[in-house]
Protein chains: 2
Amino acid sequence: MNYSRQRELILETIRNNVVHPTAEYIHSVLEKTHGSMSIATLYRNLNQLVDNGIIKRIDGLETSSHFDHNTHEHFHFMCEKCKKVYDVSSDVAPDILARAEKELGAEIHGFDIVFRGICNDCK
Amino acid sequence: MNYSRQRELILETIRNNVVHPTAEYIHSVLEKTHGSMSIATLYRNLNQLVDNGIIKRIDGLETSSHFDHNTHEHFHFMCEKCKKVYDVSSDVAPDILARAEKELGAEIHGFDIVFRGICNDCK
DNA sequence: CTATAAAATGATAATTGTTATCAATTATGA
DNA sequence: TCATAATTGATAACAATTATCATTTTATAG
């Protein structure tokens, strides 16, 4: 990666924000402080920063929503190769809801855990 | 909710699929077995089924990706009211990666936990 | 049974978040 | 300083999803 002023600004904006900003939010912050940046440049640099492990993208199952008829507590694993989604029993993280509520002091309504990797079949 | 044949078909498709289908996938399955259904009807019914707790939507932080400069293991909480994203320490789920790998027999490259609810400030 | 009101449908336009294209500009290092 | 690779901005394209609205279905009170 060569140096670029724009990338520096983007990284700085992410580092200076306690919240975990969206591309949209970063764009609006930069607009106010340093004038407008091309939206393409922004997305391009975010992807590069993620690819180089400098920042992390937080998200679940890629672009589109997946649906599950099993509404009981359990988690998911998506194979990066075949894109299949497997169930993971809630035993892998016992008491997780209570622990998180205690730490945050928040009222938790729900949560999802999504693991990503290579499934048994694809290995 | 009144009865509707279309909704019945959608629910049946989700229940008969081991994978956790996307809207796109459900649409293509129904196309083959029962002829085409309007894409609007499909999305409308999926939302209704989720709202009534009959199925669950699996996803992370809503529509757009959020970015995080902290690349160490930790989780997230999003307040449904103010939309702020808070960090949650990885202590709430110790050994979760090893446990999940053991259960699945898979090679896990990463995972996200996203809690949703009302934060301390908004309560 | 009807009549009627509420709910649901399908076609399609619109929206949103993101990526691709491509010509012009900038960074790097021999 | 010149050549090459990387980066930019403007804009078109795309994919997933939602909104609009006229038509059709469903539920139900009389």
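Order of the sequence lines fixes the chain letters, A, B, ..., with proteins taken first and strands second; residue numbering starts at 1 for each chain.
Between the CG atom of L9(B) and the C1' atom of dA8(C) there is a distance of 14 Å, given to the nearest Å. The CG-C1' distance, from L30(B) to dG10(C), rounds to 15 Å in whole Å. When rounded to the nearest whole Å, the span between OH of Y43(A) and C1' of dT11(D) equals 15 Å. Between N47(A) atom CG and dT7(D) atom C1' there is a gap of 15 Å when expressed in whole angstrom units. If you take CG of L42(B) and C1' of dA8(C), they are 14 Å apart, rounded to a whole angstrom. Look at OH on Y25(B): it is 19 Å from C1' on dA16(D), rounded to the nearest Å. Atom pair Q48(B):CD and dA19(D):P shows a separation of 13 Å (rounding to whole Å applied). Atom CZ of R7(B) is separated from atom P of dA27(D) by 10 Å (rounded to the nearest Å).
In this structure, the side chain of K123(B) engages the main chain of G105(A) through a donor-acceptor pair within 3.5 Å. The main-chain N or O of S89(B) is found under 3.5 Å from a side-chain atom of E103(A) such that the two form a donor-acceptor pair. One N or O on the side chain of R7(A) and one on the backbone of N2(A) form a donor-acceptor pair closer than 3.5 Å.
Counting non-hydrogen atoms under 4.0 angstrom, Q6(B) reaches the backbone sugars and phosphates but no base.
Remark on DNA chain C: of its neighbouring residues E24(A) and S38(B), the 5'-side contact belongs to S38(B), judged by nearest-heavy-atom nucleotide.
By the 30° and 60° cut-offs, the orientation of the rings of H20(A) relative to H76(B) is perpendicular.
Aromatic rings from F75(A) and Y86(A) are positioned such that their centres are separated by 6.0 Å or more. Aromatic rings from F77(B) and F115(B) are positioned such that their centres are separated by 6.0 Å or more.
Each end of the helix from dC1(C)-dG30(D) to dA30(C)-dT1(D) gets its own rotation axis from five pairs of C1' atoms, and the angle between them is 30° to the nearest 10 degrees.
For I39(A), whose side chain is taken as the heavy atoms from C-beta onward, the closest listed nucleotide among dT18(D), dG17(C), dT11(D) is dT11(D).
Put simply, L104(B) and I118(A) are part of two different groups of oily side chains (I, L, V, M, F, W, Y) that touch within less than 4.5 Å, one to the next.
A heavy-atom distance below 4.5 Å is not found between the side chains of L11(B) and Q6(B).
Checking I26(A), D51(A), T22(A) one by one against L46(A), the side-chain contact (heavy atoms from CB on, under 4.5 Å) holds for a single residue, I26(A).
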At under 4.0 Å between heavy atoms, how does the protein contact nucleotides 21-30 of chain C? Give one character per nucleotide, 5' to 3', with B, S or -.
------SS--

